[in-house]
Protein chains: 2
Amino acid sequence: MPIPLHFQITNDLRERLENGEWKAGDHFPGDKELMQVYGVSSTTIRRALDELVREGWLNRRPGKGTFVKKQYVETLGKLTGFFDQVRAKGYHPSSQLLRVSEVDIADFEEYELDVFNSKKLFLIEKVQMLDKEPTVLVKSFWPIEIGRQLANYNLIQEGTYEIAKGELGITLEEAQQYIYASLATAEEAKHLGVNEGAAVMVMKRLVFSQGEPVEFSINFYQADKYMYRVDLKNEMIQDGNGIIVVEN
Amino acid sequence: MPIPLHFQITNDLRERLENGEWKAGDHFPGDKELMQVYGVSSTTIRRALDELVREGWLNRRPGKGTFVKKQYVETLGKLTGFFDQVRAKGYHPSSQLLRVSEVDIADFEEYELDVFNSKKLFLIEKVQMLDKEPTVLVKSFWPIEIGRQLANYNLIQEGTYEIAKGELGITLEEAQQYIYASLATAEEAKHLGVNEGAAVMVMKRLVFSQGEPVEFSINFYQADKYMYRVDLKNEMIQDGNGIIVVEN
DNA sequence: AAGTGGTCTAGACCACTTA
DNA sequence: AAGTGGTCTAGACCACTTA
């Protein structure tokens, strides 16, 4: 059972939705019809469709049927992959390495690096460019052994996560991110090509593999050129959801 | 079938997890044991546990079992509800109304209000306070009819979403949010009690009900005092995920 | 009354882990 | 070999919608 049926069906239907086989508001095939077409049980069809609902492609209404959703803005399904999105718009991404070396966590006390239970980490620091315009300053910390392996690959052309997942076989299972606004320090301003004190959007991320922390990164984006997008469902929609108070 | 079994089981287990019945890293009861205890089928237990996995409480490993996750930071399950979070920390939230009236969308061309297909909307503008310190400036646009009904309630004490969901019976099914950094305008600075040009975090949100837009809001937070938290799973972890380029 | 999606059962078979 | 969670089936019953 290498590729689950529900997964194959989700991919097939998503592709057909992307190709415009149905238009926004169209009646989507009913569960029974899909069961016959794909020759699977109701459970499997349901699981495939639940995923497409989660991705924002479909609405399901008991008694009425399944409908293709109006795409007011880009769907989550289409959103993944910054570089793909950016290339599709005609930009040429590249990156410039600033540092690829072992570091002592004592030199980075401003970040929460103690979750790694190690005094030394491997730091990959780079500026990501779009059409030679600097867009993001990235500081990415990995456990020493993994960092050394990453350093053997072409970090300019390939994304670090793609190497970790594809070449090193590391599963990136989940991540917690914090996003906030700040003012550029002299160092950040220099790399982003803005003035010191300009507004920047900061994204901190802690990635877990097999339940253990595997990467901490902090990314600085030029404000007003980049946004972060989040999709919410049902009970997640509350006043101030996702917002947390920073304790001093 | 008013309250699904899987839902009841999820709630029961979540409560027991919150009460510390198992510690981080503990072996969680196996599926078969839970099936016996709750007297339900494997499918129902699986569905209940899948939800707890999604909320960040559990890890499941085929061949090994289900484990209680280390809580490196607050779990998503605990995160929901800004006011609850804030009250638990000893703050006293309140709000100050700035405007509660019908408006012409032509006066707000900087926002994407045309998705409502209406020239007039109802605007609720307020400053949210924590211990009398201004924290968020909120501009919340609703369809006229809904806005008029909301205006009949106590908008100072209660959250607008809580009134809409609880009193008006409006289901808030999904939302798309954009978060970015910016510099405070004179108006924003005055209400937030900061200097003009200070860094602010901006959150724009479009909420859907029954597939149709029901609220657009824009919230301004003082930078460095507030962060936005997002949790990612598996294939969502990519370079620059969630980041989108702002077209000029 | 007929059709829709939502919940649930009882059980089979699988890959993987540990012994 | 025994135990774990992951996938899938065939089918029952439910609430809801439309006619």
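Just so we're on the same page: letters track the sequence lines, and every chain starts at 1.
- Rounded to whole Å, atom P of dG6(C) lies 10 Å from atom CZ of Arg61(A).
- Comment: Arg205(B) does not engage Glu215(B) in a salt bridge, judged by the lack of any side-chain N to carboxylate O separation of less than 4.0 angstrom.
- The separation between Ile9(B) atom CD1 and dT7(C) atom C1' is 12 Å, rounded to whole Å.
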Query raised in the report: For DNA chain C, what string of dots and brackets results from 5' to 3' when Watson-Crick and G-U pairs need both distances under 3.5 Å, crossing pairs get [ ], and pairs with another strand get |?
Result: ||||||||||||||||||.
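- In terms of modelled atom types and a separation under 3.5 Å, the side chain of Asp26(B) and the main chain of Phe28(B) share no donor-acceptor contact.
- Crowding of Gln36(A) atom CD: a count of heavy atoms from other residues, nucleotides or ligands under 6.0 Å not exceeding 12.
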Requested in this report: Assess whether side chain to side chain contact (heavy atoms under 4.5 Å, CB included) is satisfied between Glu51(A) and Phe7(A), documenting all intermediate values.
Outcome: CA-CA 9 Å; Glu51(A) 173 61 22; Phe7(A) 192 75; over 6 Å; no
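- Rounded to an integer number of Å, the gap from Met35(B) CE to dA10(C) P is 8 Å.
- The nearest whole Å value for the distance from the CZ atom in Phe28(A) to the P atom in dG3(C) is 21 Å.
- A donor-acceptor distance shorter than 3.5 angstrom exists from the side chain of Thr10(B) to the backbone of Ala48(B), with no hydrogens or angles considered.
- Of all nucleotides listed (dT7(D), dG5(C), dG5(D)), dT7(D) comes nearest to the side chain of His6(A).
- Spacing between atom CG of Asn59(A) and atom C1' of dG6(C) amounts to 15 Å, rounded to whole angstrom units.
- Gln8(A) places a side-chain N or O within donor-acceptor distance of the main-chain N or O of Ile3(A), the cut-off being under 3.5 Å.
- The CG-C1' distance, from Leu5(A) to dA15(C), rounds to 16 Å in whole Å.
- Ring centers of Phe141(A) and Phe116(A): at least 6.0 Å apart, outside the cut-off.
- Applying a 4.0 Å cut-off to non-hydrogen atoms, the residues of residues 43-50 of chain B that approach DNA chain C are Thr43(B), Thr44(B), Arg47(B), listed by residue number.
- For the pair Ile3(A) CD1 and dC14(C) C1', the interatomic distance rounds to 15 Å; values are reported in whole Å.
- For the side chain to side chain contact (heavy atoms under 4.5 Å, CB included) test, residues two or more places apart in sequence or in another chain that qualify with Arg16(A) are Asp12(A), Leu13(A), Glu21(A), Trp22(A), Tyr38(A).
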Grab the N/O contacts between the protein and nucleotides 16-19 of chain C below 3.5 Å, and write none if there aren't any.
from    : atom 1 : to       : atom 2 : distance (Å)
dT18(C) : OP1    : Lys64(B) : NZ     : 3.3

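- Taking atom CG of Asp31(A) as the reference point, atom P of dC8(C) lies 17 Å away to the nearest angstrom.
- Side chain of Ser209(B) to backbone of Leu172(B): no donor-acceptor contact under 3.5 angstrom is found.
- Contact annotation for Thr66(A): backbone-only contact, meaning every heavy-atom pair under 4.0 Å involves sugar-phosphate atoms and none involves a base.
- In terms of the side chain to side chain contact (heavy atoms under 4.5 Å, CB included) criterion, residue partners of Leu168(B) (sequence neighbours excluded) are, by chain and number, Ile146(B), Gln149(B), Leu150(B), Tyr153(B), Ile170(B).
- Residues that satisfy the salt bridge (charged side-chain N to carboxylate O under 4.0 Å, His left out) test with Arg60(A), not counting sequence neighbours, are Asp31(A).
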